[in-house]
Amino acid sequence: MNTNALVLLGRMLFASIFLAAAPGHFSSGTIGYASQQGLPFAGVLVPLSGLMIMAGGMSVLLGYRARAGAVLLAFFLIPATMMFHNFWAVEDPTMAQMQQAMFLKNLAIIGGALLIAHFGPGPLSLDARRVRAGSPSLQEA
C-alpha cells in the first residue's frame, strides 16, 4: 500500500468514530444520559455536539478544510472527555476501569485530531486538490 492511500485510510478510520456516533446525539436516550451526568441544557448542547462531530468527521473524511474539522473535533472531545469519563470520581472499580479506558481512548483521539490539525489531510484530499488547482488561501486553512 502506498503512503498516500495509507493517509487516506487513516483519515477514514479516524472519521468513522465521529460519523457513527453523530446520529445518536439526536436521540432522547443520549440527551437524557447527558442530562443525568449534569450537562446543562442537554436538549440543546447534545444535538449541537452531534452537528459538530458530523461536520468535523465529514471534513476530515473528505479532506476538506480538514485542519479546521480536526480542531472542531478536539473542541468537542476535550470537555466531553472530562465530563463523561471522569474515572477518578467513580467508586465502582469495574466502572472506574472502564471509564479510564474510555478517557485514555479519547486522549488518543484528541492526539490524532491535533496531528491532523497540524499536518493537514494529506495528498488524497479535497484540500490538496484545491492547492494543486492554485488556491493559495487553503494553505492557511
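- Counting heavy atoms from C-beta outward, Arg67 and Ile116 have side chains that stay 4.5 Å or more apart.
- Between Phe26 and Val46, every side-chain heavy-atom pair lies at or beyond the 4.5 Å cut-off.
- For Gln37, the CD atom sits in a packed shell: over 12 heavy atoms of surrounding residues, nucleotides or ligands are nearer than 6.0 Å.
- The main-chain N or O of Ala89 is never found under 3.5 Å from a side-chain atom of Asn86 such that the two would form a donor-acceptor pair.
- Between Asn106 atom CG and Ile17 atom CD1 the span is 7.0 Å, to the nearest 0.5 Å.
- With hydrogens and angles ignored, the 3.5 Å screen pairs a side-chain donor or acceptor of Thr81 with a backbone N or O of Leu77.
- Taking each heavy atom of Arg11 and Pro121 in turn, the nearest pair found is NH1-O, 2.8 Å.
- Taken together through direct or relayed side-chain contacts under 4.5 Å among Ile, Leu, Val, Met, Phe, Trp and Tyr, Leu115 and Ile109 form parts of separate hydrophobic clusters.
- The line from CG of Leu39 to OH of Tyr33 is 11.0 Å long, rounded to the nearest 0.5 Å.
- By the criterion of side-chain heavy atoms lying less than 4.5 angstrom apart, applied directly or through intervening Ile, Leu, Val, Met, Phe, Trp or Tyr residues, Phe87 is grouped together with Leu104 in one hydrophobic cluster.
- Scanning both residues, Gln99 and Val90, for their nearest heavy atoms gives CG-CG2, 4.3 Å.
- Residues Gly56 and Leu72 approach most closely at N-CD2, 3.9 Å, considering heavy atoms.
- Here the CG atom belonging to Leu8 is positioned 9.5 Å from the CG atom belonging to Leu13, to the nearest 0.5 angstrom.
- The line from CZ of Phe76 to OG of Ser49 is 5.0 Å long, rounded to the nearest 0.5 Å.
- Interatomic distance, CD of Gln100 versus CD of Gln97, reported as 7.5 Å (0.5 Å rounding).
- In this structure, His85 NE2 and Leu107 CG are separated by 10.5 Å, a value rounded to the nearest 0.5 Å.
- Shortest non-hydrogen contact noted between Ala22 and Gly50 is CB-O, 3.8 Å.
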Thr30 vs His25, side chain to side chain donor-acceptor pair (under 3.5 Å): CA-CA, chis, key distance, verdict: CA-CA 6 Å; Thr30 302; His25 286 238; over 6 Å; no
With side-chain contact (heavy atoms from CB on, under 4.5 Å) as the test, would you mind laying out the steps for Arg65 and Arg130 before giving the verdict? CA-CA 10 Å; Arg65 306 269 184 203; Arg130 287 178 43 182; 3.0 Å; yes
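- Residues Ile53 and Met58 are members of separate hydrophobic clusters, defined by side-chain heavy-atom contacts under 4.5 angstrom among Ile, Leu, Val, Met, Phe, Trp and Tyr.
- Put simply, Leu19 and Leu51 are part of two different groups of oily side chains (I, L, V, M, F, W, Y) that touch within less than 4.5 Å, one to the next.
- The two residues Pro47 and Ala42 make their nearest non-hydrogen contact at CD-O, 3.5 Å.
- Using a 4.5 Å heavy-atom threshold, the side chains of Leu73 and Phe14 count as touching.
- Residues Met82 and Phe103 form a side-chain contact, since some pair of their non-hydrogen atoms from C-beta on lies under 4.5 Å apart.
- Annotation: Met83, atom CE; neighbour count of heavy atoms from other residues, nucleotides and ligands within 6.0 Å is above 12.
- Among all heavy-atom pairs drawn from Gly57 and Ala15, the shortest one is O-CB, 3.4 Å.
- The shortest side-chain heavy-atom distance between Met98 and Thr94 does not fall under the 4.5 Å cut-off.
- No continuous path of hydrophobic side-chain contacts links Val60 to Tyr64 [ILVMFWY only; heavy atoms under 4.5 Å].
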